[in-house]
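I have placed the structure first, in the form of structure tokens, so that the comments after it can refer back to it.
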Amino acid sequence: MEAGNDTGISEFLLLGFSEDPELQPLIFGFFLSMYLITVVGNLPIILAISSDSHLHTPMYYFLTNPSFADICFTSTPIPKMLVNIQTERKVITFAGCITQMYFFLLFAGWDDFLLTVMAYDLFVAICHPLHYMVIMNPQLCGLLVLVSWVISALNSSLQSLMLLQLSFCTEVEIPHFFCELNQVVGHACSDTFLNDMVINFATVVLGGGPLAGILYSYSKIISSIHRISSAQGKYKAFSTCTSHLSVVSFYCTSVGVYLSSAATQSSHASAEGSVMYTLVTPMLNPFIYSLRNRDIKKALKRITGVLVM
């Protein structure tokens with residue numbers, strides 16, 4: 001705390017979207033509804049896959065991890081925001097801000113890498129179907145998830161530790177609904193050159209690396225599908241990828257919306273853009289996966305007794 005708080009500042013102000021008191025109940029209801037849909041949508045998928053032995057395969061193992069990551073990712077900023085609206089106090093302690101930022105970066109990065117791991121899983125399933133179970137053995141599956149977690153944890157730890165070295169000279173008002181890294185760094189009164197360099201480097205490596213892996217996997221997948229002679233075989237192979245492609249496309253769109261809003265230099269536009277990847281994408285992911293997967297529908301029916309359309 002003292003390392004990043006030379007003048008005794010112990011808390012930040014999260015201004016959120018609007019200071020109009022009449023809009024607060026509407027904002028509260030909107031975010032609470034989306035948060036509950038995200039949790040209620042992802043949790044049954046985890047329970048269904050865990051409880052059904054027929055779904056204990058690499059593909060479904062990789063599917064449970066993004067569902068868990070989405071719940072944790074969304075749960076990092078949203079509950080605090082809802083509490084602030086309800087109590088009419090828009091403050092977060094310095095320690096709370098660092099903690100929130102750490103877990104936000106951790107689960108965001110982990111989710112990003114898991115999309116790449118799932119693309120690799122599809123690549124092996126379509127391009128090397130006869131050797132799939134040999135290649136995608138439990139040891140490799142666990143290692144891929146662990147490596148994704150470790151890389152993300154190292155990045156979030158580095159960013160958080162570097163933030164602790166900054167000084168904040170005046171009361172910090174963050175025009176956002178959570179402690180967004182760039183916003184917090186931008187309000188420091190000490191030199192942030194090194195922080196900015198690390199942020200940009202991490203964005204290129206942790207954003208560009210997974211994207212390159214996904215593009216490479218799909219280039220091989222498309223090439224393999226083209227070599228399939230029957231139209232039915234091509235359709236079956238392509239349908240295997242549609243759910244993952246939908247999630248990747250929506251994820252890229254969400255990030256694009258956020259980056260474009262951030263490029264306008266409008267802090268409130270950046271906050272509004274971030275809703276896409278903090279809430280909308282995690283909320284839609286379970287529906288994209290479950291509604292196109294018969295096995296998950298059957299498993300969900302067994303544990304809930306409700307037929308999923």
Can you give me every donor-acceptor pair (side chain of residues 208-225, partner residue at least two apart or in another chain, under 3.5 Å) with its distance?
from, atom 1, to, atom 2, distance (Å)
S217, OG, G213, O, 3.0
Y218, OH, H244, ND1, 2.7
S219, OG, Y216, O, 2.5
S223, OG, R227, NH1, 3.1

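In terms of the side chain to side chain donor-acceptor pair (under 3.5 Å) criterion, residue partners of H54 (sequence neighbours excluded) are, by chain and number, D52. Under the ring pair (Phe, Tyr, Trp, His ring centres under 6.0 Å) criterion, H128 pairs with F123, not counting sequence neighbours. By the side chain to side chain donor-acceptor pair (under 3.5 Å) test, D111 pairs with no residue at all, sequence neighbours left out. Take K80 and apply the side chain to side chain donor-acceptor pair (under 3.5 Å) test, not counting sequence neighbours, and it matches N84. With sequence neighbours left out, the side chain to side chain donor-acceptor pair (under 3.5 Å) criterion links Y132 to D121.
A ring-ring contact (aromatic ring centres under 6.0 Å, His included) check over residues 20-45, counting only residues at least two apart or in different chains, returns the pairs F17-F31, F31-F177. Within the structure, disulfide bond (SG atoms under 2.5 Å apart) pairs that include any residue of residues 10-100 comprise C97-C179 (at least two apart or interchain). The list of side chain to side chain donor-acceptor pair (under 3.5 Å) pairs with a residue in residues 184-199, not counting sequence neighbours, reads T192-D196.
T38 and L279 get closest at one heavy-atom pair: OG1-O, 3.9 Å.
Side-chain atoms of I228 and F238, non-hydrogen and from C-beta on, never get closer than 4.5 Å to each other. Here the side chains of I46 and I71 are in contact, with some heavy-atom distance below 4.5 Å. L164 places a side-chain heavy atom less than 4.5 Å from the side chain of L161. Taking 4.5 Å as the limit, some side-chain heavy atom of F68 sits within range of a side-chain heavy atom of W110. Put simply, the side chain of F113 reaches to within 4.5 Å of the side chain of L206, judged on heavy atoms. Looking only at side-chain heavy atoms (C-beta outward), T278 and F104 come within less than 4.5 Å of each other. A 4.5 Å side-chain heavy-atom check between F94 and I98 finds at least one atom pair inside the cut-off. M34 is not listed as a side-chain neighbour of P282, based on a closest heavy-atom distance of 4.5 Å or more.
Side-chain heavy-atom separations under 4.5 angstrom define the hydrophobic clusters, and V134 shares its cluster with no other residue. Residue L154 is found in a hydrophobic cluster whose other members, listed by chain and number, are L146, V150; membership requires side-chain heavy atoms under 4.5 Å apart, directly or through intermediates. Other members of the cluster containing L130 do not exist, because no ILVMFWY side chain is joined to it at under 4.5 Å.
Between the side chain of S51 and the backbone N or O of A48, at least one donor-acceptor pair lies under 3.5 Å. A distance-only check finds no donor-acceptor pair linking the side chain of S160 to the backbone of S157 [under 3.5 Å].
In this structure, OH on Y102 lies 4.0 Å from OG on S156, to the nearest 0.5 angstrom. For the atom pair OH (Y277) and CZ (F73), the distance works out to 6.5 Å, reported to the nearest 0.5 Å. Rounded to the nearest 0.5 angstrom, L63 CG and S67 OG are separated by 5.0 Å. Rounding to the nearest 0.5 Å places CD1 of I45 at 11.0 Å from OG of S50. With rounding to the nearest 0.5 angstrom, the CE atom of M136 is 4.0 Å from the SG atom of C141. Here the CD1-CD distance, from I27 to E22, works out to 12.0 Å after rounding to the nearest 0.5 Å.
K236 NZ: 12 or fewer foreign heavy atoms inside a 6.0 Å radius. By the neighbour-count criterion of 12 heavy atoms within 6.0 Å, atom NZ of K90 is densely surrounded, having more than that number from other residues, nucleotides or ligands.
By the rule that hydrophobic residues join a cluster once side-chain heavy atoms approach within less than 4.5 Å of another member, V83 and F103 end up as members of separate clusters.
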